[in-house]
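Below is one structure, written out as structure tokens, with a few remarks after it.
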Amino acid sequence: MDDLQIEPQEVNRRLAAGEPLVLLDVRELWEHQLCRLEGAMAVPMQELPARVEWLEGAGEVVVYCHHGIRSVDAAAWLRQQGVEKARSMTGGIDRWSREIDPSIPRY
């Protein structure tokens, strides 16, 4: 699983190019309400098992959380469930805020 993670810069480049990526925010709903990437679907970690079916065949799924720890676990689990193109955004939304879009609040 060497390709389990994806850098925020790569996600940004691909989004800017109009590539179809599913952005999956696995933080708690209160965290998603504080800040999020535009177009991201909020599915907290504990809800993933009940909602994994809608991700099957979704193409590339970029999972993110606060710092990238929960999202690595979620992306690995999603791959085990057959979502082969699930990847975790390294450093989470905190790194995105620091390196890509400082208008996104840090917490």
- Val26 vs Pro44 side-chain heavy atoms within contact, under 4.5 Å: no

- Query: Transitive ILVMFWY cluster of Leu23 at side-chain heavy atoms under 4.5 Å: who else is in it?
  - Reply: Ile6, Val11, Leu15, Leu21, Leu37, Val62, Tyr64, Met89, Ile93, Trp96, Ile100, Ile104

- Has Gln46 got more than 12 heavy atoms of other residues, nucleotides or ligands less than 6.0 Å from its CD? yes

- Task: Look at the rings of His66 and Tyr107 and say which category their plane angle falls in: under 30° parallel, 30 to 60° tilted, over 60° perpendicular.
- Result: parallel

- Item | Cationic N near anionic O, under 4.0 Å, Glu7 to Arg13 | no

- Shared ILVMFWY cluster between Val22 and Val63, side chains joined below 4.5 angstrom? yes

- Message: Could you walk me through whether Gln5 and Thr90 satisfy the side-chain hydrogen bond (donor to acceptor under 3.5 Å, both in side chains) test, starting with their C-alpha distance in whole Å, then the side-chain angles of each, then the deciding distance to 0.1 Å, before giving a yes or no?
- Response: CA-CA 6 Å; Gln5 296 193 57; Thr90 308; 3.1 Å; yes

- Message: Restricting to side-chain hydrogen bond (donor to acceptor under 3.5 Å, both in side chains), what partner residues turn up for Gln9, sequence neighbours left out?
- Response: Glu99

- Item | Separation of Cys65 SG from Asp25 CG (nearest 0.5 Å) | 8.5 Å

- Not counting sequence neighbours, which residues clear side-chain hydrogen bond (donor to acceptor under 3.5 Å, both in side chains) with Arg14? List them please. Glu19, Glu60

- Query: Ion pair present between Asp94 and Arg106, side-chain N to carboxylate O less than 4.0 angstrom?
  - Reply: yes

- Item | Interatomic distance, Glu28 atom CD to Leu34 atom CG [nearest 0.5 angstrom] | 12.0 Å

- Glu53 atom CD, neighbour heavy-atom count above 12 within 6.0 Å: no

- Asp3/Arg79 ion pair, N-O < 4.0 Å: yes

- If you measure from CE on Met45 to CZ on Arg27, what distance do you get to the nearest 0.5 Å? 13.5 Å

